[in-house]
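Written below as structure tokens is the structure these notes are about.
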Amino acid sequence: CDEPAAAVAAQPVTPPDVSYVAVKPQPFAIMRELPGRIAPTRVADVRPQVSGIIVERLFHQGSDVKAGDPLYRIDPKPFQVELMAQEAALAKAEAVLDQATRHARRIATLAHQHVASDAQNENAIAARRQAEADVAARKADVAKARLNLDYATILAPINGRIGAALVSEGALVVPNDTTNLASIQQLDPIYADFTQSVSDLNKLRRAFVRGDLEQIEPGAAKIKLIVDDGLYSHTGKLLFSDAKVNADTGQVTLRGEFPNPNGELLPGMYVRVMIEQGIDNDAIAVPQQAVQRGRDGGSEVYVVKPDNRAALQPVRTGAVHAGKWLIT
């Protein structure tokens, strides 16, 4: 302010430095960011197959279990006694069969010598066959008793993470009860269920048909997840698109599968799903900071003309990906 006015007027006016980018057609991934929920791959309710008293719980709540791991043990004594009784019945039936076989052999010899009648021979053969059938029935009873004894140890049906124990030692459990003993959820891999409007899907299909977009591979798309702390480290794949449209929302359900080796994703988590549904091979994309809003609310950019002057150019923008606007 203390400088003379003449000195201020003599200072040269220098134009401000500006940066620019040379825009050219390049491949641009068409991304959609959609809301979704995490769901387990498989869910199994642990239920008893025989009645009895729980005498031992063999797992830690919230731990990972393998298929075939013992979870509960039902009091085995009644089943052991039943197995012993059936084995005794089998031994008796085998003794009867041995006696019937010897008798039938003797009668057959006598009938061949015309000492015994044909009726006696037929009765001996029938008695032997009845004894054989009785042995087969007793063997089935033994197998059933042994199976019930095996069922006294309740095993994990699938690999996964087991939840809270819903019964404790001393509880009476019965088959076909509505209450399960525990639940197991398979978390690796894991599903992400999300929805998309049917109109967006139809626009993409028409773009594929016209050749405006190139599919990644037939019927497949890459999927990424955005969780609370940023982008999920593993990439997933799209499994299917539901063939039915929800009449209330006009949305179709999509499902993606993601690896979850560290158990970071848990059922019920809210996530954002980024689905790469195609590639525009000759797209025009500009940095986000280059696009500004005009007075009418539309988008516009400064374009460097051949005379090296900048002029405003109205544009219509599409999707945003990797910090760039797609200019449609």
**Request:** Before giving the answer on side chain to side chain contact (heavy atoms under 4.5 Å, CB included), spell out for Thr195 and Leu254 the whole-Å C-alpha distance, their side-chain angles and the decisive distance to 0.1 Å.
**Result:** CA-CA 6 Å; Thr195 57; Leu254 306 175; over 6 Å; no
**Prompt:** Can you name the nearest heavy-atom pair linking Asn121 to Ala111, along with the distance?
**Reply:** CB-CB, 4.1 Å
**Request:** Check whether any side-chain heavy atom of Arg272 sits under 4.5 Å from a side-chain heavy atom of Phe194, and report yes or no.
**Result:** no
**Request:** Give a yes or no on whether the backbone of Leu326 and the side-chain of Thr317 come within a donor-acceptor separation of less than 3.5 Å.
**Result:** no
**Message:** Please give me the minimum heavy-atom distance between Trp325 and Val291, naming the atom from each residue.
**Reply:** CD1-CG2, 3.6 Å
**Item:** Side-chain (Gln120) to main-chain (Ser117) donor-acceptor, under 3.5 angstrom
**Value:** yes
**Message:** I'd like to know if the side chain of Asn159 and the backbone of Ala67 have a donor-acceptor N/O pair within less than 3.5 Å.
**Reply:** yes
**Request:** Report yes if the side chains of Leu172 and Ile54 come closer than 4.5 Å at any heavy-atom pair, otherwise no.
**Result:** no
**Message:** Under 3.5 Å, is there a donor on one side chain and an acceptor on the other for Arg293 and Ser299?
**Reply:** yes
**Message:** Can you confirm whether Glu264 sits close enough to Tyr232 that some side-chain heavy atom of one is under 4.5 Å from a side-chain heavy atom of the other?
**Reply:** yes
**Message:** Ser51 vs Val173, test: side chain to side chain contact (heavy atoms under 4.5 Å, CB included). Steps then yes/no.
**Reply:** CA-CA 6 Å; Ser51 301; Val173 295; over 6 Å; no
**Prompt:** With no hydrogens and no angle check, do the side chains of Thr41 and Gln186 hold a donor and an acceptor under 3.5 Å apart?
**Reply:** no
**Request:** Decide if atom CG of Asp296 counts as having more than 12 heavy atoms of other residues, nucleotides or ligands within a radius under 6.0 Å.
**Result:** yes
**Same apolar cluster: Leu166 and Val46, side chain cutoff 4.5 Å** = no
**Message:** Between Arg37 (side chain only) and Asp193 (backbone N and O only), is there a donor and an acceptor less than 3.5 Å apart?
**Reply:** no
**Asked** Step by step, would you call Ile223 with Thr235 a side chain to side chain contact (heavy atoms under 4.5 Å, CB included)?
**Response** CA-CA 6 Å; Ile223 302 178; Thr235 302; 5.9 Å; no
**Message:** If you count every heavy atom of other residues, nucleotides or ligands that lies below 6.0 Å from Phe59 atom CZ, does the total exceed 12?
**Reply:** yes
**Message:** Is there a side-chain contact between Leu187 and Pro267 in this structure, where contact means two heavy atoms from C-beta onward sitting under 4.5 Å apart?
**Reply:** yes
**Item:** Side-chain heavy atoms of Glu33 within contact of Ile226, under 4.5 Å
**Value:** yes
**Message:** Please give me the minimum heavy-atom distance between Asn180 and Arg47, naming the atom from each residue.
**Reply:** N-NH1, 3.7 Å
**Fill in**
For Gln61 and Ala164 the tightest heavy-atom approach is OE1-CA, 3.3 Å
**Message:** If the test is side-chain contact (heavy atoms from CB on, under 4.5 Å), which one of Ile190, Ile38, Leu266 qualifies with Asn260?
**Reply:** Ile190
**Asked** Do Phe79 and Tyr151 have ring centroids that are under 6.0 Å from one another?
**Response** no
**Asked** Taking Asp177 for the side chain and Val174 for the main chain, is one N or O donor matched with an acceptor at less than 3.5 Å?
**Response** no
**Message:** Once rounded to the nearest 0.5 Å, what's the spacing between atom OG1 of Thr101 and atom CD of Glu94?
**Reply:** 11.0 Å
**Asked** Does one hydrophobic cluster hold both Val18 and Leu312, with members joined at side-chain heavy-atom distances below 4.5 Å?
**Response** no
**Asked** Are Val271 and Leu34 linked, directly or through other ILVMFWY residues, by side chains that come within less than 4.5 angstrom of each other?
**Response** yes
**Message:** I'd like to know if Val273 and Met269 are part of one continuous hydrophobic network [Ile/Leu/Val/Met/Phe/Trp/Tyr, side-chain heavy atoms within less than 4.5 Å].
**Reply:** yes
**Prompt:** Rounded to the nearest 0.5 Å, what separation is found between the CZ atom of Phe258 and the NZ atom of Lys237?
**Reply:** 11.5 Å
**Least distance between heavy atoms, Lys24 atom then Ile284 atom** = C-CD1, 3.9 Å
**Prompt:** Rounded to the nearest 0.5 Å, what separation is found between the CG atom of Leu110 and the CZ atom of Arg105?
**Reply:** 13.0 Å
**Prompt:** Can you check whether Pro48 reaches Ile154 side chain to side chain, under 4.5 Å on heavy atoms?
**Reply:** yes
**Asked** So how far is it from Gln86 CD to Asn148 CG, rounded to the nearest 0.5 Å?
**Response** 10.0 Å
**Prompt:** Should Ser197 and Gln251 count as side-chain neighbours, where that means a heavy-atom distance under 4.5 Å?
**Reply:** yes
**Request:** Would you confirm whether Asp69, through its side chain, and Val65, through its main-chain N or O, come within 3.5 Å as a donor-acceptor pair?
**Result:** no
**Straight-line distance of Ile53 CD1 to Arg73 CZ, nearest 0.5 Å** = 15.5 Å
**Request:** Measure from the side-chain N and O atoms of Glu169 to the backbone N and O of Glu56, and report whether any donor-acceptor pair falls under 3.5 Å.
**Result:** no
**Prompt:** Are any of the side-chain heavy atoms of Val50 and Ile74 separated by less than 4.5 Å?
**Reply:** yes
**Audit row: Val198, Val245, side chain to side chain contact (heavy atoms under 4.5 Å, CB included) steps and yes/no** = CA-CA 7 Å; Val198 67; Val245 180; 4.1 Å; yes
**Prompt:** Any chance CG of Asp17 has more than 12 other-residue heavy atoms, nucleotides or ligands included, within less than 6.0 Å?
**Reply:** no
**Message:** Under a plain distance cut-off of 3.5 Å, with no hydrogens placed, do Thr153 and Asp150 share a side-chain donor-acceptor pair?
**Reply:** no
**Request:** Taking atom OH of Tyr20 as the centre, report whether more than 12 heavy atoms of other residues, nucleotides or ligands fall under 6.0 Å from it.
**Result:** no
**Prompt:** Would a hydrophobic clustering, with Ile, Leu, Val, Met, Phe, Trp and Tyr connected at side-chain separations under 4.5 Å, put Ile184 with Val43?
**Reply:** no
**Donor-acceptor contact present, side-chain Arg138 to main-chain Glu87, <3.5 Å** = no
**Message:** Return the CG to CD distance between Asp75 and Gln80, rounded to the nearest 0.5 Å.
**Reply:** 8.5 Å
**Closest contact, heavy atoms only, Ile158 versus Ala44** = CD1-CB, 3.8 Å
